[in-house]
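Data block below; observations after.
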Amino acid sequence: MLLITCPWCGPRAESEFSCGGEAHIVRPKDPDALSDAEWADYVFYRTNTKGDHAEQWVHTYGCRRWFNVIRNTVTYEIKAVYKPGETPAGGEA
Amino acid sequence: MKFSIFSIARNAMSYHENWQAHWRNPEPKSEYEVIIIGGGGHGLATAYYLAKECGVRSIAVLERNRIGGGNSCRNTTIVRSNYLWDEAANLFEKSMQLWEGLSQDINYNVMFSQRGVLNLCHTLQDMRDAARRVNANRLNGIDALLLDAQQVKALEPLIDISPSARYPIVGATFQPRGGNARHDGVAWGFARAADSRGVDIIQNCEVTGIRIENGMVIGVDTSRGFIKGKKVGMVAAGHSGVVAAMAGLRLPVESHPLQALVSEPLKPCINTVVMSNAVHGYISQSDKGDLVIGAGIDQYCGYGQRGSYNVIEGTLSPIVELFPSLSRVRMNRQWGGIVDVTPDACPIVGTTPVKNLFINCGWGTGGFKATPGSGWVFAHTIAKGEPHPLAAPFALDRHISGALIDEHGASAVAH
Ligand SMILES: Cc1cc2nc3c(=O)[nH]c(=O)nc-3n(C[C@H](O)[C@H](O)[C@H](O)COP(=O)(O)OP(=O)(O)OC[C@H]3O[C@@H](n4cnc5c(N)ncnc54)[C@H](O)[C@@H]3O)c2cc1C
Ligand SMILES: [Zn+2]
């Protein structure tokens with residue numbers, strides 16, 4: 001079980017959280033202008049990184065707020081936790 | 001060498017010390033007609049059918065570790081074909097028919113056991129969905145029965161069908177031809193059969209790059225050097241995204257941990273394969289006697305071949321509610337695999353935008369049952385350069401065209 005540090009509540013067990021998948025996917029501003037392939041990329045295609053991965057989590061059974069996590073998908077080590085709109089300390093999101 | 005009663009008797013006389021290796025361990029050649037990336041069950045089955053059904057002479061299977069060390073040997077071995085939608089039902093039923101003759105065909109006992117698969121229903125809505133699926137299965141010529149709680153109890157005496165149970169059992173669907181098989185045996189059997197038809201199985205050979213010239217694949221870079229290939233098939237299961245990225249392709253696939261565990265061996269007590277979609281647990285008993293129990297995927301992406309304990313706990317607690325007498329059974333081993341999950345819970349099999357490069361992935365939590373069928377349709381796809389009719393609906397671009405095959409809730413449970 002992962003130990004995840006909620007930016008508002010501190011370290012809590014993974015079972016209090018839900019994973020929202022890859023972070024920083026921006027909803028297209030003008031969907032009508034997209035091709036089918038571009039729309040599919042937004043809705044269905046994911047980077048599926050092997051290594052350091054930016055993902056979103058929500059503290060479902062706590063403060064119920066969303067935040068971002070950089071987690072290694074091989075070791076599962078959590079390298080950074082940061083609030084929406086922030087950049088992780090010492091790196092690119 | 002052919003396995004038979006005589007070969008066993010002959011080898012018994014020499015104390016079983018003279019059995020020969022089941023497959024060669026060849027050095028890679030500089031060039032092949034077809035290169036298969038990934039020596040799991042699907043890759044090996046593809047190579048076998050390419051050699052046997054499609055007459056391809058020069059084939060290599062490149063495996064970065066040992067063959068069958070991935071999901072092939074980590075799954076809970078459930079085989080069934082009772083999928084709701086025609087496209088999926090036809091594909092998995094083709095596989096079921098191949099299972100039924102497989103041990104004879106490859107002269108290797110894969111211990112295919114048609115003990116039947118129960119999919120439990122806990123609510124009225126479950127029963128309605130089950131009736132719909134049973135009817136759909138029958139229209140597709142697939143064996144399917146709708147049972148009430150008493151009939152479930154008759155098949156599985158240990159199950160708790162009392163109305164006060166935590167997860168009351170209203171009924172179930174039953175596929176008598178479903179069951180399980182020995183997972184390692186399937187990988188080994190296909191490897192041996194492919195090898196005997198001249199396929200080079202090259203272990204400890206990791207593909208590190210896919211070379212493309214003028215939009216056409218020309219070969220692969222590996223940890224053992226460059227190997228030329230006229231055609232290349234990617235069958236890397238959990239690592240499909242990593243391998244596809246070597247050809248500049250992005251996939252509608254995410255890799256997740258999926259866990260399973262087995263108990264200490266017990267006397268026979270579970271007769272069929274019992275699955276429950278609602279509580280996301282499933283259980284069967286191996287011929288050795290251990291209870292084989294599978295969980296759902298962990299919610300996060302993971303390439304670590306392990307998941308979180310709370311997922312196992314979430315599986316074992318309902319199993320104990322369904323089978324109260326198992327509450328004190330001790331668990332022996334627990335492990336995880338990396339499953340490649342698509343948004344519509346259906347595989348991707350077919351061509352890619354790169355000429356002569358083919359893909360077979362996205363089997364997610366349920367591809368063991370498809371091993372022979374997947375190999376069959378993928379072999380034909382590679383040999384002909386166009387999708388096998390059964391594979392055509394599972395094209396890579398269906399998430400762009402919108403022609404999804406939504407088996408998520410529809411097919412009994414995800415395995
Ligand atoms: C816990 C668990 C339970 C499951 N239960 C069931 C079940 O009950 N019924 C069912 O139908 N399915 C089940 N599945 C799913 C099933 O196991 C998979 O869908 C299926 O095994 C995938 O195909 P494969 O056997 O070819 O995969 P694998 O055996 O994983 O083969 C892929 C191979 O590709 C190799 N590879 C990866 N990258 C490279 C590279 N760069 N170069 C060379 N080789 C590479 C890997 O090392 C691996 O050996 C389960 C899976 C798990 C993890
Ligand atoms: Zn919180």
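Just so we're on the same page: letters track the sequence lines, and every chain starts at 1.
- When heavy atoms are compared at a cutoff of 4.5 Å, A:Asn72 does not approach chain B at all.
- Contact record, B:Cys301 with A:His53: SG-CE1, 4.2 Å, taken as the closest heavy-atom pair.
- Of all non-hydrogen atoms in A:Tyr76 and B:Pro257, the two that sit nearest each other are OH-CG, 3.5 Å.
- Contact annotation for A:Trp57: only side-chain heavy atoms (C-beta onward) come within less than 4.5 Å of a heavy atom of chain B.
- Residues B:Asn310 and A:Ser15 come closest through the heavy atom pair ND2-CB, 3.8 Å.
- Summarising the geometry of B:Arg306 relative to A:Thr75, their closest heavy-atom pair is NH2-O, 3.0 Å, with the distance given to 0.1 Å.
- With rounding to the nearest 0.5 angstrom, the CD1 atom of B:Ile400 is 10.5 Å from the CD atom of A:Glu38.
- For CZ of B:Arg224, the number of neighbouring non-hydrogen atoms (other residues, nucleotides, ligands) closer than 6.0 Å is greater than 12.
- Note that the OG1 atom of A:Thr73 and the NE2 atom of B:His256 stand 11.0 Å from one another [nearest 0.5 Å].
- Closest of all the heavy-atom pairs between B:Tyr303 and A:Val74 is CB-CG2, 4.1 Å.
- If you tally non-hydrogen atom pairs under 4.5 Å between each of B:Ala245, B:Ser308, B:Pro252 and chain A, the highest count goes to B:Pro252.
- Side-chain contact between A:Phe44 and B:Leu404 is present, with heavy atoms from C-beta onward closer than 4.5 Å.
- With hydrogens and angles ignored, the 3.5 Å screen pairs no side-chain donor or acceptor of B:Glu254 with any backbone N or O of A:Asn48.
- The greatest number of non-hydrogen atom pairs below 4.5 Å with chain B, out of A:Ser35, A:Gly51, A:Gly21, A:Ser18, is found for A:Ser18.
- Rounded to the nearest 0.5 angstrom, B:Gln299 CD and A:Glu14 CD are separated by 5.5 Å.
- Considering CG of B:Leu251 and OG1 of A:Thr47, their distance stands at 11.0 Å, rounded to 0.5 Å.
- Residue A:Asp30 qualifies as enclosed at atom CG: its count of foreign heavy atoms under 6.0 Å is above 12.
- Going from atom NE2 of B:His399 over to atom CG of A:Asp41 covers 12.5 Å, rounded to the nearest 0.5 Å.
- Heavy-atom neighbours of A:Tyr42 OH from other residues, nucleotides or ligands within 6.0 Å: above the threshold of 12.
- In this structure, the separation between CZ on A:Arg71 and OH on B:Tyr300 is 6.5 Å, given to the nearest 0.5 Å.
- Of all heavy-atom pairs between B:Arg250 and A:Arg46, the closest is NH1-C, 3.9 Å.
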